[in-house]
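Take a look at the structure below.
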Protein chains: 2
Amino acid sequence: MSKTLPLLSSGPSERADAARNRSALLDAAAELMAGCGVDALTMDAVAARAGVGKGTVFRRFGSREGLMASLLDHREAEWQASVISGPPPLGPGAAPMERLLAFGASRLRLHLDQGALIEAAGRTWGENYAVLGFAAMHVRLLLTELGVQGNLHYLATALIAPLSVPVLRQQIGVGHMSEEQVLAGWEELVRKVVA
Amino acid sequence: MSKTLPLLSSGPSERADAARNRSALLDAAAELMAGCGVDALTMDAVAARAGVGKGTVFRRFGSREGLMASLLDHREAEWQASVISGPPPLGPGAAPMERLLAFGASRLRLHLDQGALIEAAGRTWGENYAVLGFAAMHVRLLLTELGVQGNLHYLATALIAPLSVPVLRQQIGVGHMSEEQVLAGWEELVRKVVA
DNA sequence: GATCAAAACGGACCGTGGTCCGCTTTCATT
DNA sequence: AATGAAAGCGGACCACGGTCCGTTTTGATC
């Protein structure tokens, strides 16, 4: 996650031109992606569209994966906000089990919607502590509230794992499950773990 | 999975020169990888070492990922064989629960050992029906024997998901779990699902 | 063993991600 | 406002994955 994620940001501030270019690059990337899809997005095109040199793109985002991760930050921050303070059942106010099932459904949708982008972001996104860490923390908390016994940290990551993009792609694309079947299966898994 | 996997192979046979080159390329790749690691392996280097043109490498394996997948085929085939007909508790002869736990431990080891190669093989390997499909089928069978109720196909894939390379890397690398903790956690998960 | 179509070969060529380094901009300090 | 060092900039340059197509090899058939 980069400085663009409000949840974690701050830092020693960015020079004015740098901030302007970062924003221009993110806009350019989003526009190009909307037109051509994730895979056809080239760094040269982004730089050209934003009216900056290619080197600038790499200084700001480190790599293509880093740029993709920054594009995801937006969506992820919104999602995290809706978990922390959005309306129930995803947000606080609902019973733990309801929240947990809403979490699964919501995460499933997010991963299906942003799948291509998430895969394009690769490890930069996938091994980011702030992303999986937040989800794991949340699930762990809900499991605690549900009175589940055992290594809750592990169980939380294990419940999140079947919602990951590669697994979903395998289940839906190769295994020919429907989205509903996957969600129903996950709920069944959760109930067995919680029971 | 490619023609090199005995479990699935045959086909209308390969011309003698093609077979010779395939074998030479796999050897060259394995040797270079042993020396320089997975990431430093370039297609040009493999071609040069095998004494063939670059085009030949791509005709045989399709892509870099395809070459990596072919290198994995060997190990995967051995592993599948040990599940199907190796000694207990991984192979037949042990009680279903023992076999299931042995499956987890074995798969965990395989993924930790071959992690870099598996990631380098990307979707070519990861979405391969013959790989995840075999594991899912096996787990599904064991769950049946254990009398588990529900959507066993989904539960099988959900139990395999936490053993995937990205999840393991996250748990061990970022979350600072030990290999033993991960395995213990997975066993706990299995017992909750089976119970 | 001659013939020939299909298969395979090789390496020049291309696009893209990523680096490098000399020049320019910013901004804190005075 | 002048100054200077740090931060940023740009685009030429490089390495590597992947493609293309004219040439060569193979092996089935006669």
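Numbered from 1 within each chain, the chains take letters A, B, ... in sequence-line order. Because the structure is predicted, anything quoted here is derived from the model rather than measured.
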Output the single nucleotide from [options] whose closest atom is nearest the side chain of [X].
X	options	value
A/Lys54	D/dG11, C/dA8, D/dG17	D/dG11
A/Asp17	C/dT26, D/dG27, C/dA8	C/dT26
A/Val52	D/dG10, C/dA8, C/dC9	D/dG10
A/Thr42	D/dG8, C/dG17, D/dC16	C/dG17

Practice problem: Look at the side chain of B/Arg15 against the base of C/dA7 and say whether a donor-acceptor pair falls under 3.5 Å; ignore hydrogens and angles. | Solution: yes

In this structure, how many angstroms lie between the [atom2] atom of [N] and the [atom1] atom of [X], rounded?
X	N	atom1	atom2	value
B/Arg64	C/dG15	CZ	P	22 Å
A/Asp39	C/dG15	CG	P	18 Å
B/Met43	D/dG18	CE	P	6 Å
A/Asp44	D/dG10	CG	P	14 Å

Quiz item: Where each residue is assigned the nucleotide of DNA chain D containing its nearest heavy atom, which of B/Ala40 and A/Arg60 is assigned the position nearer the 5′ end?
Solution: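 Between the two, 5'-proximity favours A/Arg60.
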
Quiz prompt | N-O pairing of A/Glu179 and A/Arg109 below 4.0 Å | solution =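 So A/Glu179 pairs with A/Arg109 through a salt bridge.
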
Quiz item: Do the rings of B/Trp186 and B/Phe103 sit parallel, tilted or perpendicular, given the 30° and 60° boundaries?
Solution: tilted

Quiz item: Minimum heavy-atom separation for A/Val193 to A/Val148, with atom names?
Solution: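 What the structure gives for the nearest pair is O-CG1, 4.1 Å.
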
Exercise. Give one of base, sugar-phosphate or nothing for B/Leu67, where a contact means two heavy atoms less than 4.0 Å apart.
Key: nothing

